[in-house]
Structures are given as structure tokens and as C-alpha cells.
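Worksheet for the structure shown next.
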Amino acid sequence: MEYNFREIEKKWQAWWAQNKVFKTVEDAGKPKYYVLDMFPYPSGAGLHVGHPLGYIASDIVSRYKRLKGFNVLHPMGYDAFGLPAEQYAIQTGQHPEVTTTQNVARYRSQLDKIGFSYDWDREFRTCDPDYYKWTQWAFLKMFDSYYCTSCRKAKPISELVAHFQKNGSVNCNAACSEDLVFTAEEWNSWSDAAKSKALMNYRIAYQGETSVNWCPKLGTVLANDEVKDGLSVRGGFPVEQKKMTQWQLRVSAYAERLLDSLDSLDWTDSLKEMQRNWIGRSAGTEVVFKVIAGDKEKDITIFTTRVDTIFGVTFMVLAPESDLATELTTPDHKAEVEEYIAYVKKKTERERIAETKSVTGVFSGAYGINPLTGEKVPVWISEYVLAGYGTGAIMAVPAHDSRDYAFAKKFNLPIVPIIEGCDVSEQSFDAKEGKMCNSGFLNGMDVKEAIEAAKDYVESKGLGRRKVNYRLRDAIFSRQRYWGEPFPICFNNGVAEPLPMSALPLQLPEISEFKPTEDGQPPLARAKDWTWEGKPLETSTMPGFAGSSAYYLRYMDPHNDNALVSREAVEYWRNVDLYIGGTEHATGHLIYSRFWNKFLFDLGYVCEDEPFKKLVNQGMIQGRSNFVYRVVGTNKFVSLGLKDNYQTQEIHVDINIVRNDKLDLDAFRAWRPEFKDAEFILENGEYICGWAVEKMSKSMYNVVNPDDICENYGADTLRLYEMFLGPLEQSKPWDTKGIDGVHRFLRKFWRLFHDGDNMIVTDEKATPEELKVLHKLIGKEEEDINNFSFNTTISAFMIAVNDLSDLGCHKKEILEPMAIMLSPFAPHIAEQLWHDLGHEDTVTFAPFPKFVKEYTVENNATYAVSFNGKTRFTVDLPKTMSPAEVEAHVRALSQTEKYVAGQQIFKVIVVPGKIVNIVVK
RNA sequence: GCGGGUGUGUUGAAAUUGGUAGACAAGCUAGACUUAGGAUCUAGUGCCUACGGCGUAUGGGUUCGAGUCCCUUCACCCGCACCA
């Protein structure tokens with residue numbers, strides 16, 4: 001029997017499913033290992049060959065860990081709420097539930113063909129009421145909590161209420177949207193509605209007015225990570241800034257913890273850096289400036305990281321969106337300012353980004369007083385100052401800040417340098433170096449010294465205080481959509497009231513149309529009787545990241561009806577040991593999940609502060625398109641190498657009728673009617689196509705579907721090939737060149753066991769040479785899997801198989817461990833061979849062979865010499881030398897050099913391969 | 001502009017982490033067998049002015065020894081971007 005992958009794969013996939021081989025149960029006797037893939041959004045297009053890349057890698061690790069004796073949790077499910085299904089519903093009237101179910105079925109059948117070792121009993125979709133019950137539950141917990149800034153954790157809001165009753169807002173240590181000041185008496189005198197309103201300022205899930213990314217085309221608000229370059233990530237529609245009242249999560253309260261615990265994670269530096277930038281910690285100073293606007297006078301606070309430059313302040317700037325801008329404008333400048341604010345408001349986010357270079361602004365008529373110099377400086381209003389960061393007001397030091405500099409140049413404001421010898425005639429001097437001048441008590445100090453000295457001074461004089469600001473903003477948590485989790489919130493005379501836990505899950509109501517209502521209400525407003533005990537329910541739904549923020553916990557205990565996850569389950573599985581997925585979630589899902597986990601950790605529902613210990617980002621697989629070149633105005637096609645002799649037009653050609661960049665001429669003629677009579681100008685009798693790396697897409701005819709590869713080569717070949725393509729983390733184009741190589745390897749592997757219909761494995765004892773081949777591979781695989789270097793393991797397998805073929809080795813002692821070791825990569829063929837060797841159980845839990853180093857004796861003419869176990873050089877020596885002679889020789893040699901090792905003792909170590917190391921102790 | 005990363009044959013890529021650069025595959029060339037194929041096997045394949053010399057984007061440095069470490073320049077990729 002030849003290697004018949006179709007039969008083998010079908011047979012063992014069915015057998016695994018039937019015997020529930022991958023069903024996982026908690027087992028205190030075994031160490032746990034939790035391997036998770038970022039679950040997919042089931043889109044209508046199905047999986048292409050890029051999706052399984054990470055899944056294959058995680059499956060390899062899962063299977064390897066099982067061989068190593070771990071109890072492995074390896075689940076899969078679907079992130080099923082989201083925009084595309086709803087957009088489709090709006091267009092076609094198809095209920096998103098229906099399309100989602102269809103798409104999930106398609107995904108499942110595609111995944112099943114690849115032979116993953118998921119425990120499908122743990123599968124769920126985020127749109128299942130049994131699941132989103134717990135998303136709603138977590139929201140209610142957040143609604144019912146505040147963040148205590150002194151103990152750095154979430155606490156019940158009732159404790160804060162008790163504090164207010166006793167002390168008012170004094171020492172309340174709660175993260176909040178704005179600093180409210182009230183006494184206990186005031187608090188106690190307030191109505192329930194007023195209290196509720198005040199508490200919104202502190203809740204972790206709260207409703208508040210904020211500037212949001214509004215996408216008119218989608219009819220919904222979007223989170224910052226859902227917007228790129230001023231366009232929505234989904235759909236690419238323009239986004240504008242709008243002030244709206246929205247549900248939000250107080251993620252900003254966790255900024256510090258999210259930043260600090262990054263250090264403990266085994267993630268790539270680039271990803272951690274991305275999160276650090278996104279969180280954007282900056283330690284600076286808040287300084288109070290007195291501002292005089294006509295007959296009005298007001299203290300305003302500015303934020304700066306460079307208090308040391310305060311003597312160089314020549315003007316101040318307010319953000320046009322901030323309330324201060326209108327408040328501090330003097331009557332004689334009112335018209336201009338209003339016009340300017342209107343102009344800024346009209347701009348879309350995209351225009352703003354495009355015009356960052358242009359400088360705009362207007363004078364407010366007000367003047368600020370520099371608290372250190374007493375100097376009077378004009379207050380301007382400009383869009384380069386953002387309302388959402390710091391205090392929305394800055395002191396401008398044009399000599400030492402490039403933005404202030406550009407502004408000063410444009411509006412002819414003075415530029416006063418305060419660092420000795422710097423030249424500010426052409427541009428500002430932003431560097432934090434040099435000696436201070438023109439700066440009163442700071443004169444003569446080094447800049448770094450001056451920063452600290454200025455901070456101390458400002459604090460000691462009560463002019464301001466040190467302040468750490470974060471760029472991370474609270475997450476906007478409502479979407480004006482249908483296909484998402486409903487909020488378990490109703491409104492009692494406009495006051496938000498949580499539903500009781502017993503009301504969960506609050507299920508999505510049936511509606512017939514998914515568009516927003518005529519008066520701009522979200523689609524849920526169309527539902528009949530969308531009320532709770534007579535009170536209207538919230539009509540927004542939760543965003544996509546809500547359901548994906550705690551899903552890894554649910555897999556631990558997916559059918560629990562009493563808790564998101566039971567204490568026993570979470571204490572056994574704890575957190576994810578290995579998480580594999582794309583970088584696109586760096587600042588979205590991976591921040592929200594960490595936040596969500598920390599919140600549940602604070603409340604004692606989970607036992608680890610961080611959800612994902614190790615994270616690996618697989619690269620994107622791009623498409624590789626092929627082109628033919630039509631001679632303009634004819635139906636003649638010229639081969640790539642000759643095309644420069646003609647005027648040609650480049651046409652995408654279906655990659656399925658091209659092999660190794662050579663066009664199948666008949667298939668091309670049959671591809672489309674207009675090419676039926678195509679003629680070709682060939683080179684060396686062949687038509688060579690051009691190619692380019694592009695995104696995989698239908699319109700470029702370059703989509704490769706995993707089902708087709710499974711059909712033509714088998715799942716094992718697909719798995720091996722995706723890994724063989726190159727390092728996991730690297731983005732690379734899909735290119736079927738070379739897939740034959742790995743397929744050939746599997747056939748060779750098969751032939752070590754079989755000759756035609758006969759099993760040819762013997763019980764003979766293995767020779768040291770054969771054992772050496774085996775153990776070299778064992779060592780390599782152990783090392784490589786821990787480094788996620790799967791491509792080199794596969795190379796090592798190829799070498800081993802070639803060596804064993806050369807040695808004519810068909811011995812069970814060698815081949816049985818080889819089959820076990822291959823099983824993570826190519827599980828179907830390994831399972832078949834395992835059974836061929838007479839086993840009745842599955843290879844899944846066979847013990848991974850033990851690595852023994854001794855079978856590595858070899859000698860050769862090249863020697864490498866190392867000093868202190870590190871530095872080495874090679875010397876050519878006669879083959880016949882004994883180790884002692886080698887030592888003498890090397891000693892003599894080294895004494896001729898300046899790095900003399902004369903007195904040192906050499907030790908000869910024999911290692912695998914050609915090189916003998918002579919280590920100097 | 002800031003931050004992170006990458007640069008090795010015709011192609012995907014290896015390199016015991018400072019020690020024979022190009023393993024393993026793909027492609028190409030020649031040959032064998034053949035039921036002529038997208039099968040199998042064998043040999044060759046970095047470059048040159050070839051018994052030698054040169055080669056890991058560029059120029060320099062450290063070292064007995066550099067793809068690997070340090071500095072310069074260039075190119076490409078990714079992320080952030082008026083964050084004070």
C-alpha cells in the first residue's frame with residue numbers, strides 16, 4: 001500500500017472524534033498546559049490558507065505537550081457578534097443569527113479537515129445567550145465597582161457610598177472622570193437621581209459624555225482601535241468626532257497596572273512596546289496659571305513635561321473643544337473665536353490628520369500670568385492642543401518645542417531661548433541637554449537637573465504638582481447596533497438602573513429590520529416592548545471586544561450555569577500558557593482582555609493577574625498573484641522574459657492554472673471565453689508568468705483555500721508545509737512551490753515502514769549510527785519546539801529520514817519513536833503508522849522519546865578550540881591524532897599567538913557532527 | 001518626526017548564539033529507469049579572470065576568528081503620530 005493520505009486522514013479524523021480522544025478533563029495528577037488560539041470571526045468568505053497558520057503552530061505545541069505528559073487544554077470557538085453579519089443583514093434581511101450559524105458550520109468543516117486536536121465539547125460562540133450571560137454579568141460587576149487608587153484595585157461601589165455618607169468627597173481615592181467636591185451633608189441631602197449621577201463619575205462601567213469617533217455611514221460609535229487613519233477599520237468609512245453620552249469602561253484607571261505588569265509577560269518586545277506607547281505614560285507637572293479675560297479672572301491648570309522651560313513661556317494655548325476656550329474669550333474676540341471653533345468642528349478626523357502640518361489658531365483676548373515670572377502672556381486657541389489629553393491647555397515654549405515654534409512663527413509671537421548657546425533662528429531646540437539661562441534660579445543648571453529642581457520649586461510654592469498622565473482613554477462601550485450583547489440596564493425616569501442577576505441573560509429581542517430607526521435610534525428601538533418591569537431598556541449593545549475579553553476563562557468551564565468559571569476550574573487551569581494570534585489585536589483585544597482579567601482578579605473571580613503568559617504573533621500570509629502579458633490590441637500573450645519587446649498589458653491570471661510560474665496554456669484558453677483563441681509567444685517552449693505579492697483576494701485570483709490543499713496533498717502535507725514556509729512570526733507570501741518537497745518527505749517516511757503492501761519494520765537491534773540519527777532528531781525537536789522554530793525541525797526530520805533510508809534502517813527501535821515525534825506535525829500519518837506497529841491506543845498520549853546524548857561519537861580533521869566555553873577558532877589537524885595529541889598540538893599553536901593559553905589546561909570534548917571542541921578550562 | 005524590526009544564492013530559508021556561511025527544501029542542468037508523468041532514483045548547482053581568490057545591504061571598528069558584537073550610511077516592513 002502506498003501512502004494514501006485521503007483514506008488515512010478520513011479514517012483517523014473519524015476515529016479521534018468517535019473516541020473523543022481530545023476530550024480534556026481536569027486532572028490534579030498531571031501538570032496543566034493551556035494553549036489558546038485567538039478565536040476567529042466567522043466571516044462569509046470562509047478560511048483561506050493564512051488562517052490556519054497560527055492554529056497549526058498551536059496544535060503542534062498542544063500535541064507535543066501531551067506527549068510530554070501535560071494535561072493540555074486546547075479549545076476553539078467563535079467570536080460571533082460583529083458588524084459584517086449585521087451589515088449583511090441590513091442588505092439582505094437575513095437574520096445575523098442565520099448567517100452566523102452557516103458561517104460557523106463552514107469554518108468547522110474546514111477546521112475539521114486539518115486534523116486539529118481541539119476539545120470540541122468546549123466550543124461556544126460569543127453570541128450564545130449561555131455565554132453572553134457572563135459578558136453581561138461582568139458588565140454589571142463593573143457597574144457596581146469603583147477603582148480605589150490607594151489600594152490599586154476595584155472595590156464595591158457600596159464602600160464608596162459609605163465613604164461619601166461619612167466624609168463626602170474628601171480623601172475618596174477613587175478613579176473618576178472629573179474631580180467632584182462635596183461634603184457628607186451635601187451628599188446625604190441629594191436625591192437618589194443626583195446620587196446616581198454623581199456615582200457615574202466613579203463606576204468602572206459608567207455612562208458619560210465624551211468625544212467619540214462617530215461613523216455616520218455605519219451609524220455607530222467606534223473605539224480608538226477600530227479607527228485607522230480617520231477611517232473605520234471595518235468598511236473604511238470616514239469617522240468624525242462628536243460629543244455623545246455613551247457607556248464607557250474606566251480602563252484608564254488600570255493604566256498603571258497594565259503598564260507595570262507588561263514586564264512580567266513573555267511577549268515580544270515589539271508588542272509590549274506597542275502597548276506601552278498606547279498606554280502612553282508621561283510623567284510631568286501640572287502648573288496653575290492665572291488667566292485674565294477682560295474683567296473675568298480664572299485659574300487654569302496646564303500640563304507639561306518640561307517645567308524647566310517655564311521661563312521661556314511666551315504664550316498659552318487652549319484646545320478649541322474645551323469649555324475653557326469659550327469661557328475665556330473676551331467679548332471683542334468672540335466672533336473670531338466662534339468662527340474658528342466652528343471651522344475646527346466641521347473638520348473630519350481624516351482632514352485633521354491630513355493637515356497636521358498646517359498651523360491654525362486664533363487669539364482669545366485673554367492673558368495668562370506666568371506664576372514664576374509674573375509675566376503676562378497672550379492666550380491663544382488652536383487645534384494643535386487636544387481637549388482629551390492633559391488639561392486641554394498648555395504653556396507654550398516656542399524656543400524648545402517644535403509645535404509651539406511653528407505656531408509662534410506663524411503668528412509672530414516672541415521666541416525666548418533658555419538654554420545656553422542654542423540656535424533657534426531656524427527651528428526649536430527640543431533636546432533635553434545643555435545649560436539653562438534666562439531662567440532665574442535655574443540658571444547654570446543642566447537641563448535634567450533643572451527639570452527636577454523646577455518640579456520641586458513648583459510643588460513647594462504651591463503653584464502646581466507632579467502628575468502622571470496616560471494617553472490611554474476609557475473604552476467606549478456602547479454601539480448603536482443590533483448584533484451585540486444587550487446591556488442589562490433599564491432607565492427609571494432617565495436614571496440608569498442595573499437589572500438583577502436573575503434577569504440574565506437578557507436576550508436580544510427579535511426585530512424585523514436591522515437598520516437604525518428613522519429618528520436615528522439604534523435598531524433595538526424597533527423591538528416591541530423592549531422594557532424591564534415597565535422601564536425602558538438600553539437600546540445600545542456592547543462592542544465586539546466585550547465577548548472576546550474573557551472567553552479564555554469560559555473554556556475552562558464552558559457549561560457552567562452558575563458562574564463564568566468555577567473556582568475549581570480556574571484554580572486548575574489558571575491562565576493561558578501560550579496564546580497565538582495576529583498582531584492586529586495589540587492595542588484592542590489584548591488591552592481589553594488584560595483589563596477585564598485584572599478587574600475579575602480584583603474581585604477574586606480569577607486567580608492570576610494576567611490572562612496570557614506567553615504570546616506569539618504569527619505573521620500574515622499574503623497572496624502570490626500571477627500575471628500574463630497581453631500584447632496591446634491583440635489576443636497574443638507574451639512570456640515574461642520577452643515582454644519588454646512589446647507593448648503589453650498586465651492581466652491577473654488564476655493561480656490555479658499556473659504551476660511554478662508556468663502557464664497551463666490549455667487551461668488558460670478554457671479559463672475565460674475571451675481567451676479561447678489566445679496565442680502565445682513562448683520562451684523555450686514555455687509561457688512564464690510574472691508574479692507579485694499582494695493581499696489574498698478574490699479579485700486577484702490568488703486565494704488559496706486549505707480545503708484544496710487537503711484534497712490534493714493531504715492535511716499532513718498542508719500542516720508541514722505551512723510550518724516549513726519559514727519562521728512563524730514572519731509575514732510571507734503563500735507560494736505552493738516546494739509543497740512537493742514536504743509531500744515527498746511524508747512518502748519517504750511511509751516507505752521506511754512499508755514496501756508496497758508489506759510492513760517491513762523489524763525487531764532488530766539498532767546500531768549506534770542509527771541511534772545517533774534518532775537522538776540527533778530528538779534533541780533538535782525538543783529545542784526547536786521550545787523556540788517555535790518548526791521549520792528547522794521539519795528539515796531535521798528530512799535529514800533523519802534520508803539518513804535512515806541510506807542506512808537501510810527499518811527497525812522498530814528507531815521508527816516507533818520517529819512516528820511519535822512526527823505526530824504533532826503530521827498527526828494522521830503518525831497515527832496510522834503507530835497502529836501499523838501494532839498499537840491499539842492513540843499515538844496522542846505516547847511518551848515522547850528520551851534524549852540521550854552519547855550516540856554522537858565522530859571524528860574529523862577540523863577542530864574547533866574554545867576558551868572559557870565561548871571564543872573558538874578552528875584548526876586543521878591530521879585525522880589520526882588522539883585527543884591527547886590534539887591537546888598538545890593546540891597548546892603549541894596557541895602559544896605562538898598573543899592570546900597565549902600556555903598555563904591553561906585543555907579538555908577535549910567530543911560533540912555531534914564534524915567538530916571536536918577543545919575547551920580550555 | 002518618534003518607537004520597534006529586517007536586510008544572507010535564482011527562490012523559501014539554515015547557521016550549535018562569536019568558530020568550515022548557504023543545512024533542508026524549491027528551481028535549474030545532466031543522467032538512469034520508465035507505461036513520457038506534476039512518478040522514482042543518481043550527480044551537479046554562491047560568484048570570479050578557478051590548483052587560487054571573492055563573498056551575508058554599505059563603510060568603518062573590536063577579535064586569533066564577525067552573518068552574528070559596536071559605530072556610520074542606505075533600503076524596506078510594522079506600529080504610533082500635533083500626547084505638551
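Quick note on labels: first sequence line is chain A, next is B, and so on, each numbered from 1. Only this structure's heavy atoms are used, side chains among them; waters, hydrogens and symmetry mates stay out.
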Practice item. Go through the structure and list residues passing ring pair (Phe, Tyr, Trp, His ring centres under 6.0 Å) with A/Phe411, not counting sequence neighbours. Key: A/Trp380, A/Phe407

Of all the nucleotides listed ([options]), which has the minimum atom distance to the side chain of [X]?
X: A/Met798; options: B/A84, B/A25, B/A39; value: B/A25
X: A/Asp401; options: B/G4, B/A84, B/C41; value: B/A84
X: A/Glu383; options: B/A23, B/A14, B/C82; value: B/C82

Review point. Which class fits the ring pair A/Phe303 and A/Tyr389: parallel under 30°, tilted 30 to 60°, perpendicular over 60°?
Key: perpendicular

Mind calculating the distance between [atom1] ([X]) and [atom2] ([N]) to the nearest angstrom?
X: A/Leu804; N: B/C24; atom1: CG; atom2: P; result: 15 Å
X: A/Tyr384; N: B/A84; atom1: OH; atom2: C1'; result: 8 Å
X: A/Asn277; N: B/G5; atom1: CG; atom2: P; result: 12 Å
X: A/Asp269; N: B/G3; atom1: CG; atom2: P; result: 15 Å

**Study point:** Main-chain N/O of A/Asn277 paired with A/Arg471 side-chain donor or acceptor, under 3.5 Å
**Key:** yes

**Study point:** Under 3.5 Å donor-acceptor, A/His775 side chain and A/Val852 backbone
**Key:** yes

Exercise for review: Describe the nucleic acid contact of A/Ile799 in one word from base, sugar-phosphate, nothing, applying a heavy-atom distance below 4.0 Å.
Suggested key: sugar-phosphate

Check the phosphate of [N] against [X], side-chain N and O only, distance under 4.0 Å to OP1 or OP2. Yes or no?
X: A/Arg744; N: B/G38; answer: no
X: A/Arg306; N: B/A84; answer: no
X: A/Ser282; N: B/A84; answer: yes

